[in-house]
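Numbered from 1 within each chain, the chains take letters A, B, ... in sequence-line order.
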There are 2 protein chains.
Amino acid sequence: MPVGLNSHEIQKLGDVVSHKRKIPRGGYLHHTGTKFQSLFAIRSGFLKTCVLEQDGRQQVTGFHMTGELLGLDAISSEIHTCDAVALEDSEVCEIPFAKLEEISLTIPSLMHHFHKIMSREIVRDHGVMLLLGSMKAEERLATFLLNLSRRFSIRGYSEYSFNLRMTREEIGSYLGLKLETVSRAFSKLQDENIITVDNKHIQINDMNRLKLKMGNSSCVT
Amino acid sequence: MPVGLNSHEIQKLGDVVSHKRKIPRGGYLHHTGTKFQSLFAIRSGFLKTCVLEQDGRQQVTGFHMTGELLGLDAISSEIHTCDAVALEDSEVCEIPFAKLEEISLTIPSLMHHFHKIMSREIVRDHGVMLLLGSMKAEERLATFLLNLSRRFSIRGYSEYSFNLRMTREEIGSYLGLKLETVSRAFSKLQDENIITVDNKHIQINDMNRLKLKMGNSSCVT
DNA sequence: ACGTGTGATTGATCTTAATCAATGCTTCTT
DNA sequence: AAGAAGCATTGATTAAGATCAATCACACGT
């Protein structure tokens with residue numbers, strides 16, 4: 001949590017987040033319906049979160065990487081409302097929520113920062129709602145790739161070349177599409193030389209045209 | 001905000017939320033892009049929030065009624081990320097956010113309650129994502145009606161009979177459907193005697209069958 | 001190395017919802 | 001009260017994506 005804290009405050013925070021946990025690829029960080037006690041800060045790795053309906057329907061609600069915070073949804077009812085699954089070997093810091101609230105009473109800037117993080121999650125969700133509610137398949141995929149690209153870039157990796165950690169089916173679930181549609185959209189973008197797809201490896205050849213794809217469906221046929 | 005507060009604490013909170021604002025039908029509580037300073041608690045009325053893309057695309061992200069809190073999305077960047085528009089004459093309490101954070105340092109239960117509210121918004125958004133990502137038109141509308149019904153019920157109104165405040169187009173935007181599709185879905189539910197539709201007035205005739213509609217699309221043809 | 005299973009691609013067809021279009025009903029304005 | 005504007009319904013057609021199906025590529029375990 002990169003906030004403007006002095007060393008004493010960082011010390012306090014460090015006392016709270018001491019416990020680390022490793023999750024192997026495919027392992028669960030938490031299950032839907034289990035008791036919530038801690039938030040989890042991702043130190044390394046890549047996870048997905050997904051909600052499930054009683055009728056077996058499933059929806060991936062997010063893909064999460066280093067530095068992001070998981071478990072915010074569970075604060076309201078103290079029960080996890082989603083599964084969190086590692087898509088590659090991952091490591092998280094456990095942050096007991098009661099303790100976080102406790103020390104945030106003494107570090108106003110920490111509390112404020114926490115509020116911003118929660119708010120950012122709400123903004124992100126609204127963005128996904130816009131995507132799911134009003135975009136075509138290809139626009140959704142372009143938006144998704146650009147989002148990943150930006151997040152890799154922020155973390156010091158290439159924005160033009162990266163490996164997907166998730167399957168086509170998981171991408172489809174996140175984007176509200178079937179896996180075949182995702183696959184076709186990949187192929188289409190490749191045919192247009194906007195990206196190069198080699199299984200899980202993605203190379204962005206023309207960032208600008210990819211950005212155009214996100215915005216307007218009507219300009220290209 | 002119904003929390004376990006003592007009278008002294010309620011007094012403190014009252015000092016913060018003193019300012020009230022009336023918004024006439026069609027009026028804006030806030031616009032996208034304007035500076036964020038306050039949250040708004042709805043005292044009465046009915047509002048929608050919607051995000052807009054640069055290309056004019058628009059998505060209703062929520063309908064909000066008495067007791068709900070607006071503006072949470074704006075905490076992260078201190079800029080409103082959506083419009084809030086009154087769908088009927090409404091009244092809100094303005095809650096300067098800086099002051100709320102300040103007093104929540106001295107009232108831990110208030111801070112905790114606020115965290116729960118933010119978390120609940122995240123859970124709600126995940127539910128909408130599930131709806132947009134995996135439900136058919138009729139299921140979406142059934143889910144929507146049941147959600148409204150429950151919220152009216154909680155506020156002491158009939159869960160079986162109520163008036164919609166929004167147009168078919170707004171419902172469609174929220175549900176990721178075109179207005180014609182919404183209209184057809186209404187007609188279909190009416191044909192099956194599950195609801196009675198008279199323009200904006202909705203009567204639920206068979207709550208159980210409506211709930212079935214929400215879950216499984218495959219059971220009825 | 002070989003067989004197996006999972007994940008990905010591509011094609012053909014079908015379903016759903018979008019689009020285009022016409023009409024009717026309310027509500028607001030003057 | 002009459003007209004206009006906005007909102008809603010319904011029908012016909014089209015388009016997007018789902019579904020069904022076949023094949024391929026690759027990773028994994030034995």
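Between B:Glu192 and B:Lys188 a salt bridge is recorded (basic side-chain N to carboxylate O distance below 4.0 Å). Taking 4.0 Å as the cut-off between side-chain N and carboxylate O, A:Glu139 and B:Arg57 count as a salt-bridged pair. A salt bridge links B:Glu138 to B:Lys213: at least one charged side-chain nitrogen sits closer than 4.0 Å to a carboxylate oxygen. Taking the charged nitrogens against the carboxylate oxygens, B:Glu170 and B:Lys48 do have a contact shorter than 4.0 Å, which makes a salt bridge.
A:Glu88 meets the side chain to side chain donor-acceptor pair (under 3.5 Å) test with A:Arg165; sequence neighbours excluded. A search for side chain to side chain donor-acceptor pair (under 3.5 Å) contacts involving B:Thr61 returns B:Thr49, not counting sequence neighbours.
Considering only heavy atoms from C-beta on, A:Leu146 comes within 4.5 Å of A:Lys211 through its side chain.
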Can you give me the N/O atom pairs linking the protein to nucleotides 4-9 of chain C at distances under 3.5 Å, or say none if there are none?
unit_1: C:dA8; atom_1: OP2; unit_2: A:Arg168; atom_2: N; d: 2.9
unit_1: C:dT9; atom_1: OP1; unit_2: A:Arg168; atom_2: NH2; d: 3.1
unit_1: C:dT9; atom_1: OP2; unit_2: A:Arg168; atom_2: NE; d: 2.7
unit_1: C:dT9; atom_1: OP2; unit_2: A:Arg168; atom_2: NH2; d: 3.4
unit_1: C:dT9; atom_1: OP2; unit_2: A:Ser183; atom_2: OG; d: 2.9
unit_1: C:dT9; atom_1: O5'; unit_2: A:Ser183; atom_2: OG; d: 3.2

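Under the 30°/60° scheme for interplanar angles, the aromatic rings of B:Phe114 and B:Phe97 are found to be tilted.
Bending across the helix from C:dA1-D:dT30 to C:dT30-D:dA1, expressed as the angle between its end axes from five pairs apiece, amounts to 50° (10° rounding).
Following rounding to the nearest Å, A:Lys178 (NZ) and C:dT13 (C1') show an atom-to-atom distance of 17 Å. Atom NZ of B:Lys136 is separated from atom C1' of C:dC14 by 12 Å (rounded to the nearest Å). Atom-to-atom, CZ of B:Arg140 to C1' of C:dA18 comes out at 13 Å; the value is rounded to the nearest Å. Put simply, CG on A:Leu177 is 16 Å from C1' on C:dT15, counting in whole angstrom units.
Taking a heavy-atom distance under 4.0 Å as the criterion, the stretch of DNA chain D touched by chain B extends 5' to 3' from D:dC7 to D:dA12.
Remark: the A:Ser161 side chain and the A:His201 side chain contain an N/O donor-acceptor pair separated by less than 3.5 Å.
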Let me check something: any side-chain donor-acceptor pairs from residues 31-40 of chain B under 3.5 Å, sequence neighbours excluded? List them with distances.
unit_1: B:Thr32; atom_1: OG1; unit_2: B:Asp83; atom_2: N; d: 3.2
unit_1: B:Thr32; atom_1: OG1; unit_2: B:Asp83; atom_2: OD1; d: 2.9
unit_1: B:Thr34; atom_1: OG1; unit_2: B:His31; atom_2: O; d: 2.7
unit_1: B:Ser38; atom_1: OG; unit_2: B:Glu94; atom_2: OE2; d: 2.9

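Checking B:Glu138 against B:Arg25, the closest nucleotide of DNA chain C that is more toward the 5' end is the one next to B:Glu138.
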